[in-house]
2 protein chains.
Amino acid sequence: MTCRENCYVTHLESAIDGTKLPHDRIQTLHEGRPLWVRYDLDAIKANLTPATIFQREPTLWRYRELLPLPPGAMPVSLGEGMTPVLPAVRLGETIGAPHLWIKDESQLPTGSFKSRGLCMAITMAKHFGVKRVAIPTAGNAGGAMAAYAARAGMEAFVFMPKDTPVINQAECALAGAKTFLVNGLINDCGAIVRNGVDTMNWFDLSTLKEPYRIEGKKTMGLELAEQFGYDLPDVIVYPTGGGTGLIGMWKAFNELRKLGWLQTATMPKMVAVQSDGCAPIPRAFDAGERFATPWENAATCASGLRVPGAVGDFMILDAIRESGGWAVAVEEDKIVSAMQHAVKTEGISICPEAAACTLAIEKLRSDNRMKRSDRVVLFNTGAASKYLETIPRDLPIIDDPSAIDYAKLFAR
Amino acid sequence: MTCRENCYVTHLESAIDGTKLPHDRIQTLHEGRPLWVRYDLDAIKANLTPATIFQREPTLWRYRELLPLPPGAMPVSLGEGMTPVLPAVRLGETIGAPHLWIKDESQLPTGSFKSRGLCMAITMAKHFGVKRVAIPTAGNAGGAMAAYAARAGMEAFVFMPKDTPVINQAECALAGAKTFLVNGLINDCGAIVRNGVDTMNWFDLSTLKEPYRIEGKKTMGLELAEQFGYDLPDVIVYPTGGGTGLIGMWKAFNELRKLGWLQTATMPKMVAVQSDGCAPIPRAFDAGERFATPWENAATCASGLRVPGAVGDFMILDAIRESGGWAVAVEEDKIVSAMQHAVKTEGISICPEAAACTLAIEKLRSDNRMKRSDRVVLFNTGAASKYLETIPRDLPIIDDPSAIDYAKLFAR
């Protein structure tokens, strides 16, 4: 069987009720809920092997058969993908999990994991002829969207709370996006985008409001599987805002299982981490609920975790429970020192969101939900240097460089 | 012939007079001038092929035989290397060079090309038992050094002019380096490091003051060659501060030529780009001199180009002339708008130094030194988002998100 013209995608499917929708046209939500992209996995199994993928270029497009873009159509690419999985034994020892790896998503275009999802969303939007896109963002998504929109030659609108980190503001403006600071939270920004769809004729790229960001984020799971020789780790610890990455990885692992590529029968436990300054998912998880009540007065220095209500809440909670994992809220006031500790210990540019994950690991180890022998992968979703406001710095000044007192320097 | 215990390195060699020095111990300068690392290229030729390299992991360590670390010794790694080469046809069209590619070094650990050199320097320093390192820096080198020193478990000291971009300051501090702001320029910082060597017992990691940063930067050339199928481009345009990358790439191309791997007889023209706010290399080039007089009152928004005097000046100028290339000074006051234009046009996170290169290409095309048909590669040496002070942003604020006037937004 050869690859058909519209590739291996068979249809889109409502995540809430399984309704099938065609994939040959632009789609958004179905009755307010997100869509899955479904593939003919039997056909992929017959045509593709891990060995073939191994020979390809180190970008996320090496998994093309498992992605939605039809063959022959051009990706909108900035060279994204195949981020390294770095051993972090020293850091792991300090938090009770010495078999720790960090998948370093800071080494992607625009310095964050948002590139994966927005690369795919913009690629598909362009494929369907979209000329203008808009997004609400409180962090790295805006910069990624602006960059890929520029790469695609699209007009872009970004709406962000006015207290969004300055670097996120600057990168959107620099990439030519029409960027607006909003006196409000991300849900206010979301409303601006949603309400403008008809008047402005833009396509809404909000988290999960179109089906393809998940497919981009899915490549975190595909890469991780390949990098672990398809012998998946025991636990995956993931900082969760909108949760697309966690949802996408879980989808990836299930697709790989159906392809028969996984080396073991057990799947990794998925752990969603939030700050106790904004913890709707842990609250719903602990209460045994499938949907999460929006969090009031959301506040955290980890801007990517400041998502009071996620449209894919049930998809996150389903994935965690299916995997036997947990949702964990960590103490907001420990995040900055955890970030300093992690960067200093491993040299990896660990962002506040990933630092929260180190606190979650400590917690899961202290109550023995995780074992010391577990192989654990933590996702570093962005570069620490993008969180300028969060990095403590009060550096000593040398006023007269010709009169250095080295003994004094040394004593510091 | 098998790989020998100390690998393929045969010796170190003074760049100024060819004096041979042993490579089995720590080395710095020879009579104030840098050292080359020399290899037994015949032995490498007999043992290594491009096909073997192609099968390896996408990091710069895939070129291990052409690097100085002995086999079996462990690299200090953050997963660096194999940055993408992105076509930039649209940008190229606007500057008269449509066959333009950008090698995007912003997708490296710490968001800049400095990772390559400092990865190698720290790896070798650790191999030789160094416990404490120091560096003067006016930009990205400090952050890279701090990160790799942390990864290696070394103590690190960083000295930077107090007007160094804030993100560069923050990343050093975050990685645990003892970071000092100096009331002076980078040469003042250099003196602090140099004068402290005995008292502080630190190893001086200044540009070219140890032989291995060149070898790390060399991998830009090795990767580029592999990514172009060993059919090198016609012109390489490189923003030049200390010039290690240009020197390293030229060394790489010559080594590849001796290995017989190159597909064409002609070598690329190497173009060194500086700002007219600090242009010692173009001045020396135009005057036909081998050494560059230090630039007075150096000033440029492209912090990586603010190097008034480079210890490897003659190595840079030799490489440019051997290649038939040029040194070009561009107008300082055009750099910021060139950066905005480039990022907006391609979506790539182009830093001020790389933006200067687009101006240089325009210049070389306008006087026909470069042909329209030339295949040109430009190096984007770092992420634009690290240059917060340089990015124009004066974003409109939406005070009342519930009362949006879309027509007004649209009119902007």
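Only a predicted model underlies this, so the values are computations on that prediction, with no experimental measurement involved. Note on naming: letters A, B, ... go to the chains in the order of the sequence lines (proteins, then strands), and numbering restarts at 1 for each one.
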For the residue pair A:Phe180 and A:Phe157, does the interplanar ring angle fall in the parallel (under 30°), tilted (30 to 60°) or perpendicular (over 60°) class?
parallel
With only heavy atoms counted, which part of A:Ile404 is less than 4.5 Å from chain B, the side chain, the backbone, both or neither?
side chain
Considering only heavy atoms and a distance below 4.5 Å, find which of B:Met339, B:Gln107, B:Met82 pairs most often with chain A.
B:Gln107
Honestly, the part of B:Ile391 sitting under 4.5 Å from a heavy atom of chain A is side chain
Any side-chain donor near an acceptor of the partner, A:Arg116 and A:Thr219, under 3.5 Å
yes
Per-residue contact mode, B:Pro401 against chain A (heavy atom under 4.5 angstrom)
both
Per-residue tally against chain A (heavy atom, under 4.5 Å) across B:Ala384, B:Pro87, B:Ala191 peaks at B:Pro87
Between B:Ala383, B:Cys172, B:Ala150, which residue shows the highest count of heavy-atom pairs closer than 4.5 Å to chain A?
B:Ala150
In terms of heavy-atom pairs under 4.5 Å, which option from A:Asp399, A:Leu174, A:Thr59, A:Val85 contacts chain B the most?
A:Leu174
Using a cut-off of under 4.5 Å for heavy-atom pairs, which of B:Lys162, B:Arg393, B:Glu346 has the most such pairs with chain A?
B:Glu346
Step by step, would you call A:Asn183 with B:Asp400 a side-chain hydrogen bond (donor to acceptor under 3.5 Å, both in side chains)?
CA-CA 7 Å; A:Asn183 183 21; B:Asp400 183 359; over 6 Å; no
B:Leu78 and B:Ala147: which non-hydrogen atoms are nearest, and at how many Å?
CD1-CB, 4.0 Å
Considering only heavy atoms, which portion of B:Ser385 lies under 4.5 Å from any heavy atom of chain A: side chain, backbone, both, or neither?
both
Passing candidate, side chain to side chain contact (heavy atoms under 4.5 Å, CB included) with A:Met154, options A:Lys131, A:Lys126, A:Met145
A:Lys126
Give the member of A:Ala175, A:Ala152, A:Ser77 that has the highest number of heavy-atom pairs under 4.5 Å with chain B.
A:Ala175
Which residue out of B:Ile102, B:Thr83, B:Val76, B:Leu388 racks up the most heavy-atom pairs below 4.5 Å with chain A?
B:Leu388
What part of A:Thr345 gets within 4.5 angstrom of chain B, counting heavy atoms only: side chain, backbone, both, or neither?
backbone
Side chain / backbone / both / neither for A:Tyr148 at chain B, heavy atoms under 4.5 Å:
neither
Sort A:Thr110 into side chain, backbone, both or neither according to what part of it lies under 4.5 angstrom from a heavy atom of chain B.
neither
All heavy atoms of A:Tyr387 vs all of A:Cys301, minimum pair found to be CD2-O, 4.4 Å
Examine distances only and state if a side-chain atom of A:Thr137 and a backbone atom of A:Gly142 form a donor-acceptor pair shorter than 3.5 Å.
yes
Distance-only, no hydrogens or angles: does the B:Glu80 side chain make a donor-acceptor pair with backbone N or O of B:Pro109 under 3.5 Å?
no
Under 4.5 Å from any heavy atom of chain A - which part of B:Val166:
both
Verify the neighbour count for atom CG of A:Asn195: are there more than 12 heavy atoms of other residues, nucleotides or ligands below 6.0 Å?
yes
Scored by heavy-atom pairs under 4.5 Å with chain A, the best of B:Gln227, B:Glu57, B:Glu155, B:Gln169 is B:Gln169
Going through the distances and angles, do A:Glu223 and A:Arg62 end up as a salt bridge (Lys or Arg N to Asp or Glu O under 4.0 Å)?
CA-CA 10 Å; A:Glu223 284 183 17; A:Arg62 69 203 267 123; over 6 Å; no
Select one option (side chain, backbone, both, neither) describing which atoms of B:Ile167 are under 4.5 Å from chain A's heavy atoms.
both
Using a strict cut-off of less than 4.0 Å between a Lys/Arg side-chain nitrogen and an Asp/Glu carboxylate oxygen, indicate whether B:Glu171 and B:Lys386 qualify as a salt bridge.
yes
